[in-house]
Amino acid sequence: MKKLFAEFFGTYWLVFGGCGSAIFAAGIPDLGIGFAGVALAFGLTVLTMAYAVGHISGGHFNPAVSFGLWAGGRFSVKDLIPYIIAQCVGAAAAAGTLYTIASGKAGFAIDSTKAGAFASNGFGAFSPDGYSLQACFIAEFVLTLFFILIILGATDKLSNTPFCGIAIGLALTLIHLISIPITNTSVNPARSLSQAIFVGGEPLSQVWLFWAAPILGALAGGFLYKTLLQNHAEV
């Protein structure tokens, strides 16, 4: 249960910090943090929670990461469903908190016809810069694949593991710097689902892509690391 609570709180912090920065701080005139600030916020959430609770649960905070670590031989299949449930509940709880805070401002309303509404992900007309379904799928697949390669490499026992949280946090920052204009950046099905639930409409109907592409990319990344990169003689 401690592992599941760690995943709940870690995913809560990721969504609250990352999506919260996008909702509250990104667009304020003259003082807003913009895309770069949101990217950094997501990276900082993972970095801080990796050191806070990573030693308890492994610090996944993301269903795609759990699948990738399983494919890489670092995670048991029997723990997949409990971890994913804890991650999704944590993400939804954070989204609910964000909604409650946002509702405290006069005139607040979520426009479900607007790309990126309430930090949601989307493709086509719901991509921040109008990228197609195919383009968004490729971006999410490739970025999640490399995210898993970085996680597996940084946490390898032959690596400088005390600093792995920094590498992983910076990797997520870079991922957001690349893909916020494309999909508003998912690489995390729980994060996408939590925001889409509150937006509804087309963003909710598009959330399937932000489960399929990251999970497939994670599986590919885990398999590639285990078969092509891992030093099996040292395992």
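Checked by atom type and distance alone, the side chain of E140 never pairs as donor or acceptor with a backbone atom of P214 at under 3.5 Å. In this structure, the side chain of N184 engages the main chain of S120 through a donor-acceptor pair within 3.5 Å. No donor-acceptor distance shorter than 3.5 angstrom exists from the side chain of S194 to the backbone of A92, with no hydrogens or angles considered. Judged by distance alone, with hydrogens and angles left aside, the side-chain atoms of T161 form no donor-acceptor pair with the main-chain N or O of C164 at under 3.5 Å. Listed for the E7 side chain is a donor-acceptor partner under 3.5 Å among the backbone atoms of F61. A donor-acceptor contact shorter than 3.5 Å links the side chain of S179 to the backbone of I175. Using a distance-only test at 3.5 Å, with no hydrogens or angles considered, no donor-acceptor pair links the side chain of T45 to the main chain of W13. At least one donor-acceptor pair closer than 3.5 Å links the side chain of Q206 to the backbone N or O of F123.
By the ring-ring contact (aromatic ring centres under 6.0 Å, His included) test, Y131 pairs with no residue at all, sequence neighbours left out. Applying the ring-ring contact (aromatic ring centres under 6.0 Å, His included) test to F75 and every residue at least two apart in sequence or in another chain returns H60, Y83. Residues satisfying the salt bridge (charged side-chain N to carboxylate O under 4.0 Å, His left out) criterion with D79, sequence neighbours excluded, are absent altogether. For H176, the ring-ring contact (aromatic ring centres under 6.0 Å, His included) partners are F42, not counting sequence neighbours. Checked against ring-ring contact (aromatic ring centres under 6.0 Å, His included), F108 has the following partners two or more places apart in sequence or in another chain: Y99.
Going from atom CG of L47 over to atom CD1 of I166 covers 6.0 Å, rounded to the nearest 0.5 Å. Once rounded to the nearest 0.5 Å, the distance linking CG of L216 with CG of L219 reads 6.5 Å. Once rounded to the nearest 0.5 Å, the distance linking CG of L193 with CD1 of I197 reads 4.0 Å. Taking CZ of F35 as the reference point, atom CG of L40 lies at 15.0 Å (rounded to 0.5 Å).
Residues L14 and V53 fall within the same hydrophobic cluster, defined by Ile, Leu, Val, Met, Phe, Trp and Tyr side chains chained together at heavy-atom separations under 4.5 Å. One hydrophobic cluster, built from ILVMFWY side chains closer than 4.5 Å, cannot hold both I138 and L177; they sit in different ones. Connection of L80 to W211 is established within a shared hydrophobic cluster, with ILVMFWY side chains joined at heavy-atom distances below 4.5 Å, either directly or through further cluster members.
Side-chain contact between I182 and D129: absent, with no pair of heavy atoms (C-beta onward) separated by less than 4.5 Å. At least one side-chain heavy atom of I178 sits under 4.5 Å from a side-chain heavy atom of L143.
Side-chain atoms of T155 and R74 form a donor-acceptor pair, as typed in the model, at a separation below 3.5 Å. Looking at E202 and S112, their side chains never bring a donor and an acceptor atom within 3.5 Å of each other. Side-chain contact check for N188 and S186: no donor-acceptor pair (N or O, by modelled atom type) lies under 3.5 Å. N121 and S192 form a side-chain donor-acceptor contact under 3.5 Å, judged by distance and modelled atom types alone.
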Walk me through whether S21 and I33 qualify under side-chain contact (heavy atoms from CB on, under 4.5 Å).
CA-CA 8 Å; S21 70; I33 62 175; 3.8 Å; yes
Determine whether L170 and L174 satisfy the following criterion, side-chain contact (heavy atoms from CB on, under 4.5 Å), listing intermediate values before the conclusion.
CA-CA 6 Å; L170 289 176; L174 175 59; over 6 Å; no
Give the intermediate values and the outcome of side-chain contact (heavy atoms from CB on, under 4.5 Å) for residues L152 and L69.
CA-CA 7 Å; L152 288 170; L69 294 180; 3.4 Å; yes
What verdict does the side-chain contact (heavy atoms from CB on, under 4.5 Å) test give for L229 and L149, after you've listed the backbone C-alpha separation in whole Å, the side-chain angles of each residue and the deciding distance to 0.1 Å?
CA-CA 9 Å; L229 298 174; L149 290 181; 4.0 Å; yes
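Heavy atoms from other residues, nucleotides or ligands lying under 6.0 Å from CZ of F223 number 12 at most. Taking a 6.0 Å sphere around OH of Y51, one finds it holds more than 12 heavy atoms contributed by other residues, nucleotides or ligands.
Below 30°, between 30° and 60°, or above 60°: for Y12 and F16 the angle between ring planes is below 30°, a parallel geometry. The aromatic rings of F198 and F118 are tilted relative to each other, their planes meeting at an angle between 30° and 60°.
I28 belongs to a hydrophobic cluster whose remaining members, ordered by chain and number, are L31; membership requires side-chain heavy atoms of ILVMFWY residues under 4.5 Å apart, directly or through intermediates.
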